[in-house]
Amino acid sequence: MRKKKQTTIDKRILKAECLRIAPDHSALHFQEELHKNFEFRVGFIHHGVVAHVEEIGIPEDLGAHDAAKDIAIPLLSCFIVLVTQAVLHHINRLPTPFKHAVWETVDDILNEDTEIPDVLLVIVANCIEKATGEINYNQLKRESVLNRLWNGIKSAYGEKYAPSDTEIFDSFYDESEEDLEDTE
């Protein structure tokens, strides 16, 4: 039996997720690198996926609700990366006029600082829904797959900039405590 080919994750997606999870003090180290290599299209889609997950919630099939933070944070982060990759794939497989319309609209938002049209949000939301349904949660729960993706996310800007797990988890704990204080 042939071994299944490993999927390569787009480095731009890994960089977007790295920036999201990196503690503020750690992110300062790769700010210069960020401005040289940031891809707005990928960042826009990644932000949409993160917003979708925050709004809809973490899928139960992922099992992140039942896991400790040191498992749940990498699991959710890897899930966001895989969904973002699948969304980009879906957008690029749209009929050519729709695909060009999506990317031209995203470029216009960057260049002209215009408001996001509802039709773009509908198309992207549809692609996110499809992508979320395609994720193989069992494979993502495998430790080897999770570790490979998680290490790829943390070192997306280079090994020397990679924050440690402890720094990332402490950053998430700090944010959670601030959110609790804000609601009180």
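We use all heavy atoms of the structure for the numbers below, so side chains are in, but hydrogens, waters and symmetry mates are not.
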- line: Heavy atoms of P59 and T132 approach each other most closely as CG-CG2, 4.4 Å

field: I56 reachable from F79 in the ILVMFWY side-chain graph, under 4.5 Å edges
entry: no

field: Given E17, R20, K15, the one that forms side-chain hydrogen bond (donor to acceptor under 3.5 Å, both in side chains) with H46
entry: E17

task: State plainly whether one hydrophobic cluster holds both F40 and L121, where clusters connect Ile, Leu, Val, Met, Phe, Trp and Tyr through side-chain heavy atoms under 4.5 angstrom apart.
output: yes

field: 4.5 Å side-chain heavy-atom contact, K99 and R93
entry: no

task: Indicate the atoms forming the closest heavy-atom contact of I109 with P117, along with that distance.
output: CD1-CD, 4.4 Å

statement: Nearest heavy-atom contact between Q85 and D10 is OE1-N, 2.9 Å

task: Without swapping roles, check the side chain of N92 against the backbone of L88 for a donor-acceptor pair under 3.5 Å.
output: yes

query: What closest approach, in Å, do V87 and C127 show between heavy atoms, and which atom pair accounts for it?
result: CG2-O, 3.8 Å

- request: Give the minimum heavy-atom separation between E134 and A86, together with the two atoms involved.
  value: OE1-CB, 4.3 Å

field: Any H90 side-chain heavy atom under 4.5 Å of I128 side chain
entry: no

C78 side, atom SG; L146 side, atom CG - distance, nearest 0.5 Å: 4.5 Å

From L19 atom CG to I153 atom CD1, the distance as rounded to the nearest 0.5 Å: 12.5 Å

- prompt: Would you find more than 12 non-hydrogen atoms of other residues, nucleotides or ligands less than 6.0 Å from Y137 atom OH?
  reply: yes

- request: With rounding to the nearest 0.5 Å, note down the distance linking CH2 in W150 to CD1 in I73.
  value: 7.0 Å

task: Please say which of P163, P23, P74 ends up in a side-chain contact (heavy atoms from CB on, under 4.5 Å) with F169.
output: P74

- request: Quick one: pull up CG in L149 and CG in L140 and give me the separation to the nearest 0.5 Å.
  value: 7.0 Å

field: Separation of H100 NE2 from D107 CG (nearest 0.5 Å)
entry: 12.0 Å

Gap between atom CD1 of I91 and atom CD1 of I123 - 0.5 Å precision: 8.5 Å

task: Identify the two heavy atoms, one from K141 and one from L62, that lie closest to each other, and give their separation to 0.1 Å.
output: CE-O, 3.1 Å

